[in-house]
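Lettering of chains follows the sequences in order, A, B, ..., and the numbering in each one begins at 1. Quick caveat: nothing in here was measured; it's all calculated off a predicted structure.
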There are 2 protein chains.
Amino acid sequence: MTADSPARHTRQKDAVLRQLRECDDFVSAQDLHRRLDDEGVKIGLATVYRQLNALADSGAADTIRLDGQQLFRLCGDDGHHHHLVCRECGKTVEIDPPSEAWLRRIATSHGFTVESHTLEVFGLCPDCQKETAR
Amino acid sequence: MTADSPARHTRQKDAVLRQLRECDDFVSAQDLHRRLDDEGVKIGLATVYRQLNALADSGAADTIRLDGQQLFRLCGDDGHHHHLVCRECGKTVEIDPPSEAWLRRIATSHGFTVESHTLEVFGLCPDCQKETAR
DNA sequence: TTACCTGCAAACGCTTTGCATCATA
DNA sequence: TATGATGCAAAGCGTTTGCAGGTAA
């Protein structure tokens with residue numbers, strides 16, 4: 001571990017951070033890149049990956065893996081939460097995490113520490129229930 | 001949805017199933033393929049993937065995603081469970097699912113139904129805690 | 001001016017798929 | 001014999017990396 005990088009300020013870094021702040025949900029690198037592109041922001045996909053990984057490494061962003069791809073979200077704001085995902089249309093709703101005490105009790109009973117956890121609940125949202133009932 | 005496949009019995013299917021039974025931890029498809037190869041069992045990697053996916057689809061095997069690859073394990077019992085995963089060495093321990101009532105309460109409060117859920121808790125296992133403390 | 005950052009494209013690792021062949025039922 | 005299963009290799013997908021040129025400090 002040598003001296004850390006000067007952390008230069010760039011247009012692209014800003015764009016990634018800003019866009020990340022605008023999504024309150026997890027986004028994939030590709031998704032973020034597409035959103036920036038739609039906005040007219042010119043940025044390489046590799047740069048998006050590099051920025052997101054840097055944010056994740058520094059602890060500024062949270063990541064989860066879903067369905068083979070890595071999703072990122074700025075962390076630190078409102079504490080972490082999980083998602084209720086509609087299996088049909090993909091709509092997501094934030095839900096509160098399970099009790100930390102419960103997690104800790106389970107982990108420590110096996111001698112593990114708790115660093116992070118993921119929880120996702122899948123079902124049908126109200127709209128898709130209507131569709132299916134038809 | 002038409003009639004389902006006859007499910008033919010083959011040497012390869014047996015080999016995958018047997019090898020899977022021999023590991024008490026999660027294994028990747030590549031890992032399982034290598035183990036079979038070491039045993040002298042001739043089998044294509046694609047077949048291993050196909051068998052594992054078939055097992056997972058049918059509900060006979062559990063899968064988790066760790067570090068970019070999918071890991072499989074026979075799920076021994078009917079009731080489903082979750083995992084406590086060591087971030088360092090990958091060791092996993094089964095844990096009980098959160099209360100169904102809790103899940104249902106959360107989902108229905110948003111008008112969702114509950115079909116399935118995933119929960120993974122990451123931390124350090126006892127051995128890796130010692131390593132880190134060093 | 002320096003050296004970090006970027007963009008492009010090629011490389012990468014894991015997984016899936018097309019297709020001709022094999023073998024179970 | 002008929003058809004699902006297999007093996008091989010190529011394609012696919014998300015992600016990372018090498019390198020030449022760009023740009024903040």
Side-chain angles (χ1 to χ4, degrees), chain A residues 1-20 23 26-58 60-73 90 118, chain B residues 1-20 23 26-58 60-73 85 90:
Chain A
M1 209 183 296
T2 54
D4 45 70
S5 331
R8 201 163 284 185
H9 186 208
T10 66
R11 181 177 61 79
Q12 292 88 338
K13 187 172 299 183
D14 274 350
V16 168
L17 218 71
R18 181 182 49 69
Q19 185 56 249
L20 207 48
C23 330
F26 281 90
V27 268
S28 67
Q30 316 240 12
D31 202 7
L32 197 107
H33 179 250
R34 187 160 34 71
R35 292 186 193 209
L36 287 173
D37 201 52
D38 287 350
E39 275 186 347
V41 175
K42 289 294 180 200
I43 183 171
L45 180 55
T47 301
V48 173
Y49 274 104
R50 278 189 278 236
Q51 290 297 342
L52 289 175
N53 282 333
L55 288 169
D57 283 348
S58 76
D62 244 358
T63 77
I64 60 172
R65 240 171 220 290
L66 183 59
D67 208 41
Q69 58 181 23
Q70 193 154 17
L71 306 182
F72 299 81
R73 190 185 65 175
T118 68
Chain B
M1 206 184 293
T2 53
D4 44 70
S5 330
R8 203 163 283 186
H9 186 207
T10 65
R11 182 177 59 80
Q12 293 89 336
K13 186 171 299 183
D14 273 351
V16 168
L17 218 71
R18 183 181 48 70
Q19 186 58 247
L20 207 48
C23 325
F26 281 90
V27 269
S28 67
Q30 316 240 12
D31 202 7
L32 197 105
H33 179 250
R34 189 157 28 71
R35 290 186 194 209
L36 287 171
D37 201 52
D38 288 350
E39 273 186 347
V41 176
K42 290 293 180 201
I43 183 172
L45 180 54
T47 301
V48 173
Y49 275 102
R50 279 189 277 235
Q51 290 298 340
L52 289 176
N53 282 333
L55 288 169
D57 283 347
S58 76
D62 242 358
T63 77
I64 60 172
R65 249 175 211 289
L66 183 61
D67 208 40
Q69 57 181 26
Q70 192 156 19
L71 307 182
F72 299 80
R73 191 178 67 170
V85 183

Find the distance between CZ (A/R18) and CD (A/E39) and round it off to the nearest 0.5 Å. 4.5 Å
Distance col, row B/Q19:CD vs B/D14:CG, nearest 0.5 angstrom, shows 13.0 Å
Which whole-number value in Å describes the distance from B/L36 CG to D/dT6 P? 12 Å
Hey, could you give me each pair passing ring pair (Phe, Tyr, Trp, His ring centres under 6.0 Å) that has a residue in residues 27-54 of chain A? Not counting sequence neighbours. none
By the definition side chain to side chain contact (heavy atoms under 4.5 Å, CB included), identify the one residue from A/I43, A/D37, A/N53 that meets it with A/V48. A/I43
If a protein heavy atom is under 4.0 Å from the base, mark B; if only from the sugar-phosphate, S; if neither, -; do that for nucleotides 18-25 of chain C going 5' to 3'. B----BBS
ring-ring contact (aromatic ring centres under 6.0 Å, His included) filter on A/F26, not counting sequence neighbours, yields A/H83
Integer-rounded Å distance: D/dC13 P and A/R34 CZ: 14 Å
To the nearest Å, how far apart are B/K13 NZ and D/dG7 P? 12 Å
Net bend of the helix from C/dT1-D/dA25 to C/dA25-D/dT1, end axes of five pairs each, nearest 10 degrees: 30°
Separation of B/L32 CG from B/L71 CG (nearest 0.5 Å): 11.0 Å
Within a strict 4.5 Å, meaning less than it, do heavy atoms of the B/T47 and B/T10 side chains meet? no
Examine C/dG7: is either OP1 or OP2 under 4.0 Å from a nitrogen or oxygen in the side chain of A/Q12? Give yes or no. yes
Does B/D31 have any salt bridge (charged side-chain N to carboxylate O under 4.0 Å, His left out) partners at least two apart in sequence or in another chain, and if so, which? B/R34, B/R35
Which distance, rounded to the nearest 0.5 Å, do you find between the CG of B/D57 and the OG1 of B/T63? 9.5 Å
Rounded distance in Å - CG (A/L52) to C1' (D/dT17): 17 Å
Sugar-phosphate atoms are those with a prime plus P, OP1 and OP2; base atoms are the rest. Using that split, label each nucleotide of nucleotides 10-15 of chain C B, S or - for protein heavy atoms under 4.0 Å, 5' to 3'. ----SB
Measure NE2/B/H33 against C1'/D/dC8 and give the value in whole Å, please. 11 Å
Which whole-number value in Å describes the distance from A/L32 CG to D/dT15 P? 12 Å
Ignoring hydrogens, what is the shortest heavy-atom contact between A/A15 and A/V41? Give both atom names and the distance. CB-CG1, 4.0 Å
Please round to the nearest 0.5 Å and tell me the distance separating atom CZ of B/R73 and atom CG of B/L52. 14.0 Å
